[in-house]
Amino acid sequence: MIARFVGFALALVLIALPVAAEEAINDYRVDINVETDGDIIVTETLNVMVEGYAIKRGIFRDLPRYYADEATGGKLPYVYKVLSVRRDGRKEPYSTNSVDNAWRIMIGDEDIYLTHEPHIYEIRYRVKNQVRYFDDHDEVYWNVTGNDWQFAIDAAQARITLPEGARITSQDGYTGPQGEAGRDYAYMRDGDTHIFTTTRKLWAGEGLTVALGIEKGVIDPPSAADARMIWWQRYGAIGVLGVTLLGVFAFLYRSWKKVGVDPPKGPVFARYAPPENYSPAAVHHIYNRG
């Protein structure tokens, strides 16, 4: 009887193990500091459960590569700068590249396998000119977690700290897959910090996006250098194409002027006698038979 009970209990444990051994993001905390020049500094802290299935040597974070350009209706590229990457409090190797519409930070050492336990990742980066400018307000709009994780996120929170004295005109948040506008979040304010916290688990492919409207005058308008950079992002490709076409035209025109222009022709007048040393018969032969 005891042996049967022990066997039954062992079978239950073996059945429960695959369920318990689930890779997930236990906690996803994001701190966003908004600077007066329009840049934001983002610090992401992820508590990741590693079981050696999809996560073996590390993780990667996909950030959006483009954002909508209100002025032209097109797209402009985000400008990122990674400031630091850590795992469990220590510096962690990383690399970056572009994958389709994502800017990817690949974190980990290809020669080191992670232990099967929770690991804490901290990713800190700057985003250039992230504040969006409108006629009557400015806005911070950010996809906090992204929508490309293949793991569930048990809990997520975004803390947006504005410059001192900033007053908001609106706050909003969205949960769920990309393009959906779920409202599964709670909002609170602590001084100049605005906190958005999910109220349910986010499943694979779901994320949290937040938005804050800010009164004009707190965030500086784009500097001359920033304006030039944005102009170049919008029209640089067309300018390069135009300069290239002009260069090709100039090269071909100079080549034509150098070797392609026919020499000027002399005056044309009638001859009533054959050229010197040629008989009329010879001239007839040359003229008619080449």
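There is no path of hydrophobic side-chain contacts, each under 4.5 Å, that joins Tyr174 to Tyr185. Tracing side-chain contacts under 4.5 Å through hydrophobic residues (I, L, V, M, F, W, Y), one never reaches Ile41 starting from Ile160; they form parts of separate clusters. Clustering ILVMFWY residues whenever any of their side-chain heavy atoms sit less than 4.5 angstrom apart, transitively, puts Val127 in the very cluster that holds Tyr133. Leu83 and Trp142 sit in two unconnected hydrophobic clusters of ILVMFWY residues. Membership requires side-chain heavy atoms under 4.5 Å apart, directly or through other members.
Other residues, nucleotides and ligands contribute only 12 or fewer heavy atoms inside 6.0 Å of the CZ atom of Arg167.
Shown here are the side-chain hydrogen bond (donor to acceptor under 3.5 Å, both in side chains) partners of Asp27, two or more places apart in sequence or in another chain: Arg29. Looking at residues two or more places apart in sequence or on another chain, you find no side chain to side chain contact (heavy atoms under 4.5 Å, CB included) involving Ser170.
Remark: Arg65 is not positioned above the aromatic ring of Tyr78, lacking an NZ or CZ atom under 6.0 angstrom from the ring centre and at most 45 degrees off the axis.
A side chain to side chain contact (heavy atoms under 4.5 Å, CB included) with Leu162 holds for exactly one of Asn33, Ile214, Thr36, Ile219; it is Ile214.
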Mind running side chain to side chain contact (heavy atoms under 4.5 Å, CB included) on Tyr94 and Met106 for me, showing each step along the way? CA-CA 5 Å; Tyr94 70 91; Met106 297 177 292; over 6 Å; no

Audit row: Asp62, Val99, side chain to side chain contact (heavy atoms under 4.5 Å, CB included) steps and yes/no: CA-CA 9 Å; Asp62 282 347; Val99 180; 5.5 Å; no

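Salt-bridge check for Lys128 with Asp37: failed, with every basic side-chain N at 4.0 Å or more from each acidic carboxylate O. For the pair Glu139 and Arg132, the salt-bridge criterion is met [side-chain N within less than 4.0 Å of a carboxylate O]. Using a 4.0 Å cut-off between charged side-chain N and carboxylate O, Arg87 and Glu122 make no salt bridge.
Residue His116 holds its NE2 atom at 9.0 Å from CE of Met49, rounded to the nearest 0.5 Å. Atom-to-atom distance recorded for Leu246:CG and Thr244:OG1 is 9.0 Å, nearest 0.5 angstrom. Atom OG in Ser84 sits 12.0 Å away from atom CD in Glu92 (nearest 0.5 Å). The distance from the OH atom of Tyr28 to the OG1 atom of Thr198 is 12.0 Å, given to the nearest 0.5 Å. With rounding to the nearest 0.5 Å, the separation of CG in Leu212 from CZ in Arg189 is 9.0 Å. A distance of 8.5 Å separates CG of Asn143 from CG of Asp148, quoted to the nearest 0.5 Å.
Side chains of Glu44 and Tyr125: a donor-acceptor N/O pair is present below 3.5 angstrom, by distance only.
Of the possible polar contacts, one joining the Glu206 side chain to the Trp203 backbone as a donor-acceptor pair under 3.5 Å is found.
Applying the side chain to side chain donor-acceptor pair (under 3.5 Å) test to every pair with at least one member in residues 210-222, sequence neighbours left out, gives these pairs: Asp138-Lys216.
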